[in-house]
Amino acid sequence: MSECLFCKIVKGDINLSKVMETENVLAFNDINPQAPVHVLVIPKVHISSITKVQKEHSALISDMMQVINEVAKKTGIVESGFRVVVNHGENAGQAVPHLHFHVLGGRKMTWPPG
Ligand code: AMP
């Protein structure tokens with residue numbers, strides 16, 4: 001089975017536009033941005049989907065929330081507002097089976113989403 005795309009990014013096998021990194025979390029610019037700011041926040045460890053998050057991941061998920069807030073500060077979207085999205089499965093259009101939070105900002109976004 002071929003290795004997960006985001007695991008390859010974590011290993012440094014694929015180029016990334018890094019926004020920030022901690023011991024367990026990586027944040028990088030989405031290759032196909034849907035907003036002026038579109039950053040992906042991922043755990044370095046492979047978790048295939050939000051549905052696979054376990055109690056043992058509590059500290060990691062908390063770290064990811066901290067990173068999301070740091071990314072928002074770093075990219076200047078705290079005041080104007082931003083959106084955090086997790087896609088799971090076909091109906092949501094999940095394309096990469098490695099947990100990731102989309103951090104989107106820099107423009108007005110509609111609600112509800114399409
Ligand atoms: P999702 O549809 O929620 O699984 O989102 C996957 C995201 O990964 C999409 O927004 C893609 O544009 C993004 N993506 C795919 N390959 C790369 C890459 N090599 N570097 C950065 N982002 C990527």
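All figures in this text were calculated on a predicted structure; none of them were measured in a lab. Just so you know, ligand 1 is whichever comes first in the structure, and atom 1 is the first atom listed for that ligand.
The structure places CZ of F101 at 3.5 Å from CE of M65, a figure rounded to the nearest 0.5 Å.
The immediate protein surroundings of ligand 1, defined as residues with any heavy atom under 4.0 Å of it, consist of L5, F6, I9, F28, N29, D30, I31, N32, L40, N87, G93, Q94, A95, V96, H100, H102.
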- Check the pair L16 / I14 against side-chain contact (heavy atoms from CB on, under 4.5 Å), numbers first and verdict last. CA-CA 6 Å; L16 82 165; I14 293 177; over 6 Å; no
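Taking the side chain as every heavy atom from C-beta outward, N24 and K44 never approach each other to under 4.5 Å.
The shortest non-hydrogen separation linking P43 to L99 is CD-O, 3.2 Å.
Taking the ring-ring contact (aromatic ring centres under 6.0 Å, His included) definition, one finds that H38 meets it with H102, sequence neighbours left out.
More than 12 heavy atoms of other residues, nucleotides or ligands shown are found within 6.0 angstrom of CD on E56.
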